[in-house]
Amino acid sequence: MRVFPWLAGLGLAVAGCGGGKGDDSAAPPRDGDGDGYTEEVDCDDADPAVHPGAAEVCNGVDDDCDGEVDIEDADITGYTTWYVDSDGDGYGVEDQSADGCEQPPNTAEVAGDCDDRDPDAHPGAYEVCDGADNDCDGLVDLDDDSLLDARTAWPDADGDGYGDPDAPIAACEVPTGYVTEEGDCDDADPAVHPDAEESCGDGVDSDCDGWDGPPTAVEDAGLDCAQGSATGEGGLGGALARAGDVDGDGVDDLLFGGAGAAWLVRGPLSGPGADLAPAATVADAEGGRGLGTALAGADVDGDGFADLALGGDEDAWILLGPVSGAIDVAGADATLAGGGGLAAADADGDGLADLLVGVPGEDRAFLEAGPLTGAEPLAEAEGVEGSRLGAAVALAADLDGDGVADAAVGAPADARGGLDAGAVLVLLGPVSAGAWAAESWLVGEAGAEAGAALAVGDLDGDGTDDLLVGAPGLETDAADQGAVFAWTGPLSANGELADAAAGVAGGAAGDRFGAAVAAAGDANGDGEPDWIAGAPGAAGGDGRGLARLVYGPLTGFLSLDEAAGPAFEGVAAGDGAGSAVLGIGDADGSGVDDLLVGAPGASGGAGAVYLLLGGASAR
C-alpha cells in the first residue's frame with residue numbers, strides 16, 4: 001500500500017492531540033449505582049444497597065464490601081441468637097446458643113427453658129400441682145402465686161364433711177382434717193352443717209342458712225318456723241294491709257294493725273330473718289276506740305306518696321303521706337265514719353285513689369272520692385237492719401270483665417238465707433250519679449256468716465277478677481267449721497253460696513276457717529294463682545289458730561285435707577293465728593310471692609305478725 005506523506009503527518013498530529021501537559025479531557029471515576037461510591041471501591045456498582053458504608057445484614061450478600069458475607073462478618077447486624085431446644089417446646093437453654101441468619105435444627109429464638117428434657121416445662125407453661133417448676137420462674141407448686149389447679153380446703157373439726165369457712169387453705173393435696181366443702185357455721189357440732197335438717201324454734205341454725213327455720217314456707221310447720229316475725233302490743237296482727245309507697249322510694253310498704261295501734265313497715269323485705277320493725281307507729285292517746293282493726297293505703301291526694309286509712313270501732317282516720325316516727329290520730333288529716341272494712345283504689349278513673357268504707361253499725365258502706373275533701377260520698381250502699389253490711393269490703397276488682405272497677409261488701413249477719421247466713425253485695429261500676437251501675441247479692445246459708453272476709457284476684461287466670469268469700473260460721477260436718485268460697489267472674493247476677501265454682505271447707509268444729517282470706521299471688525312458683533285463708537280457732541281447739549295456703553287452680557269443693565298446700569299453726573294456745581292474712585307480692589325478690597299471717601293473741605295478747613316466704617314446692 002502506498003502511503004501519502006501528508007496523511008502520515010496528519011496521523012502524527014492526531015496522535016499527539018491532548019497528550020501534552022494541561023489536557024483535561026480524561027473521564028472521571030464512575031459511580032454506576034449512585035450510592036456515593038465509585039466502582040474502584042464499590043464491590044457491586046450496580047446495587048445502591050451494597051457499598052463500603054452499608055450495614056452487613058443477613059441476605060447472602062457482602063453488603064459492606066469487606067469480603068465477608070452475613071454471619072462471617074463481625075460487623076453484621078440483624079442476626080438472631082438461637083438457643084438449643086432439645087425438647088421442642090419453643091424455648092431454649094440460656095447458656096447454649098449460637099448466632100446465625102438461619103435457624104438451625106432443634107433450636108428456639110426464645111431462651112428461658114429450665115428443663116430442656118421436658119416439653120411441659122417452659123416460661124409459657126401453667127404452674128400446676130406436680131412438684132415441678134412448670135413455668136420456670138423459680139417457684140414450685142404452692143409457692144407460686146400463679147398456680148393453676150390449687151384446691152381450697154377448709155378445716156373440718158367435727159367431721160361432718162363441711163369445713164369452717166373462716167379458715168381456708170390452698171392445697172395440692174387435701175390434708176387430713178380438711179375438706180373441700182365449706183359452710184359449717186358451727187365446726188364443733190357435727191349436727192350443724194349446710195345439709196342438716198332444720199329444727200324450728202330451738203335457737204340453733206342447724207342448716208347454716210342464717211335463720212332458725214326453713215328458708216321458704218312450702219311445708220306444714222308452726223309459725224315459729226316463719227322466715228320473719230314481729231311482736232307488738234295491743235293485739236298486733238289483727239289486721240294487715242298493703243300500704244302502697246308511703247315514703248316515695250318506689251317500693252310498697254306494709255301496715256300491721258291491732259286493737260289500739262298500727263305499724264308502718266318499710267319495704268322491701270329481705271330473705272329469712274327480715275326486719276319487720278316499724279318505721280312509723282300510730283297510736284290513739286284517747287284510747288278505747290279500736291284503732292288498727294282495719295287498714296288500707298293508697299295515694300288519695302295525688303302527691304306521689306301513699307296515704308293511710310286506719311279504722312277503729314266507729315271511726316276511720318286518714319293520715320296523708322309521707323309519714324314517719326310516732327303519730328297520734330288526734331292529728332289525723334281527716335276522720336270519717338267507720339267501724340268496718342276499708343279498701344282504697346281508683347274507682348272513678350280520675351287518677352286519685354278513692355276509699356271504700358264499711359260502717360257495719362249502720363249497715364252501710366260508702367265510697368269517698370279522693371282527695372277526701374269531706375264532700376258527699378261518691379256512692380253509698382245499704383243493707384237491711386242488723387245485717388252488719390260493711391264488716392268487710394273489697395275494691396278495684398273488675399268482677400264483670402268490662403274494664404271498670406267494681407266492689408264487694410260483706411254483710412255476715414244478713415238473714416235472708418237464714419239466721420246469720422250472711423251475704424255479699426256485689427257493686428258493679430262505673431260509679432256515677434251517686435250510685436253504682438248495678439248490684440247483685442250472693443247469699444249464704446244459715447249460720448255461715450258469709451261475707452265476714454272478702455278478697456279479690458284472678459284466681460283462675462282468665463283475665464277477669466274473681467271473688468273469695470269467707471264464711472267462718474258454716475257447718476259442713478261440725479259447728480263453726482267454716483269455709484271459703486270462690487265465685488269466678490264475670491259476676492252479674494244474684495246467687496247463693498252453693499253457686500260458687502269452688503271452695504274449701506274447714507277441718508274441724510270451731511276452726512272458723514275463712515275468718516280471713518287473701519289472694520296470695522303465685523306462692524309456690526308453678527305459674528298458677530294461689531290464695532290463703534285463716535282459721536283462728538283451729539289446731540286442737542286451744543285457739544292457737546292456723547293459716548292455710550291453697551294452691552291454684554282451685555276447682556270444685558274440697559275438704560281442708562284435700563286442698564293442696566301447707567298449714568301454718570300458731571305457736572301457743574290462744575294465739576289466734578290466721579285472724580288476718582295477706583299476700584304481699586314478691587317482697588324479697590326471689591321470683592315467688594310471699595305472705596303475712598297475723599296472730600293477735602300471741603305473747604299474752606301483745607300480738608305478732610309472721611312473714612312466710614314463698615318457694616318452689618314439691619307439688
Side-chain angles (χ1 to χ4, degrees), residues 17-152 170-173:
C17 182
K21 186 177 181 179
D23 188 349
D24 59 1
S25 62
R30 185 173 181 275
D31 179 12
D33 54 13
D35 58 11
Y37 293 87
T38 66
E39 61 185 352
E40 297 171 346
V41 295
D42 195 340
C43 55
D44 186 348
D45 203 34
D47 187 347
V50 177
H51 53 75
E56 187 71 26
V57 297
C58 287
N59 60 2
V61 176
D62 179 14
D63 302 281
D64 58 1
C65 297
D66 64 356
E68 296 178 337
V69 178
D70 291 355
I71 199 65
E72 297 174 355
D73 192 335
D75 298 329
I76 189 170
T77 61
Y79 62 88
T80 301
T81 298
W82 303 101
Y83 301 91
V84 173
D85 178 17
S86 300
D87 56 11
D89 60 9
Y91 293 85
V93 180
E94 184 73 40
D95 57 1
Q96 298 179 33
S97 65
D99 298 335
C101 288
E102 296 183 0
Q103 182 176 3
N106 302 318
T107 63
E109 190 174 353
V110 180
D113 199 337
C114 54
D115 186 349
D116 205 33
R117 298 165 297 175
D118 184 354
D120 295 325
H122 53 77
Y126 292 109
E127 187 70 26
V128 295
C129 285
D130 61 359
D133 179 14
N134 308 99
D135 58 2
C136 296
D137 64 355
L139 302 172
V140 176
D141 290 358
L142 291 172
D143 293 330
D144 194 334
D145 290 339
S146 68
L147 182 65
L148 187 66
D149 60 348
R151 304 177 72 183
T152 302
C172 285
E173 295 184 3

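Counting begins at 1 with the first residue of the sequence. Keep in mind it's a predicted model, so treat the numbers as computed, not measured.
In this structure a side-chain-to-backbone donor-acceptor pair under 3.5 Å is missing from Asp85 to Asn106. A distance-only check finds a donor-acceptor pair linking the side chain of Asn134 to the backbone of Val128 [under 3.5 Å]. With hydrogens and angles ignored, the 3.5 Å screen pairs a side-chain donor or acceptor of Asp116 with a backbone N or O of Ser86. Checking side-chain atoms of Asp144 against main-chain N and O of Asp137 turns up no donor-acceptor pair under 3.5 Å. Counting only distance, with no hydrogens or angles, the side chain of Trp82 and the backbone of Gly100 share a donor-acceptor pair below 3.5 Å. No donor-acceptor distance shorter than 3.5 angstrom exists from the side chain of Asp115 to the backbone of Ala121, with no hydrogens or angles considered. A donor-acceptor pair under 3.5 Å is absent between the side-chain atoms of Asp42 and the main chain of Pro52, judged by distance alone.
Of the inter-residue distances, the one linking Glu39 atom CD with Asp31 atom CG reads 9.0 Å to the nearest 0.5 angstrom. A distance of 12.0 Å separates CD in Glu94 from SG in Cys114, rounded to the nearest 0.5 Å. Put simply, OH on Tyr37 and SG on Cys43 are 11.5 Å apart, with the number rounded to the nearest 0.5 Å. For the atom pair CD (Glu127) and CG (Asp135), the distance works out to 4.5 Å, reported to the nearest 0.5 Å. For the atom pair CD of Glu109 and OG1 of Thr81, the computed distance is 9.0 Å after rounding to the nearest 0.5 Å. With rounding to the nearest 0.5 angstrom, the CG atom of Asp62 is 7.0 Å from the CG atom of Asp73.
Residue His51 comes nearest to Asp35 through the heavy atom pair CB-OD2, 3.4 Å, listed as atom of the first residue, atom of the second, then distance. Taking every heavy atom of both residues into account, Val50 and Cys65 meet most closely at CG1-SG, 3.7 Å. Heavy-atom minimum distance, Ala108 versus Gly92: CB-N, 3.8 Å. The minimum heavy-atom distance between Ala111 and Tyr91, with the atom names listed, is O-CD2, 3.9 Å. Gly112 and Pro123 get closest at one heavy-atom pair: O-CG, 3.4 Å. Closest of all the heavy-atom pairs between Cys101 and Asp70 is SG-CB, 4.0 Å.
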Working note: Leu147 + Cys172, criterion side chain to side chain contact (heavy atoms under 4.5 Å, CB included); need CA distance, chi angles, decisive distance, verdict. CA-CA 10 Å; Leu147 182 65; Cys172 285; 4.0 Å; yes
Please lay out, stage by stage, how Asp45 and Thr38 fare under the test side chain to side chain donor-acceptor pair (under 3.5 Å). CA-CA 7 Å; Asp45 203 34; Thr38 66; over 6 Å; no
Hey, mind stepping through Tyr83 and Val93 against side chain to side chain contact (heavy atoms under 4.5 Å, CB included) and telling me if it holds? CA-CA 6 Å; Tyr83 301 91; Val93 180; 5.8 Å; no
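For the pairing with Cys58, the side chain to side chain contact (heavy atoms under 4.5 Å, CB included) check across Thr80, Thr77, Ile76, Asp63 returns one residue only, Ile76.
Taking the side chain as every heavy atom from C-beta outward, Asp113 and Asp87 approach each other to under 4.5 Å.
Residue-environment remark: CG (Asp99) exceeds the threshold of 12 foreign heavy atoms within 6.0 Å.
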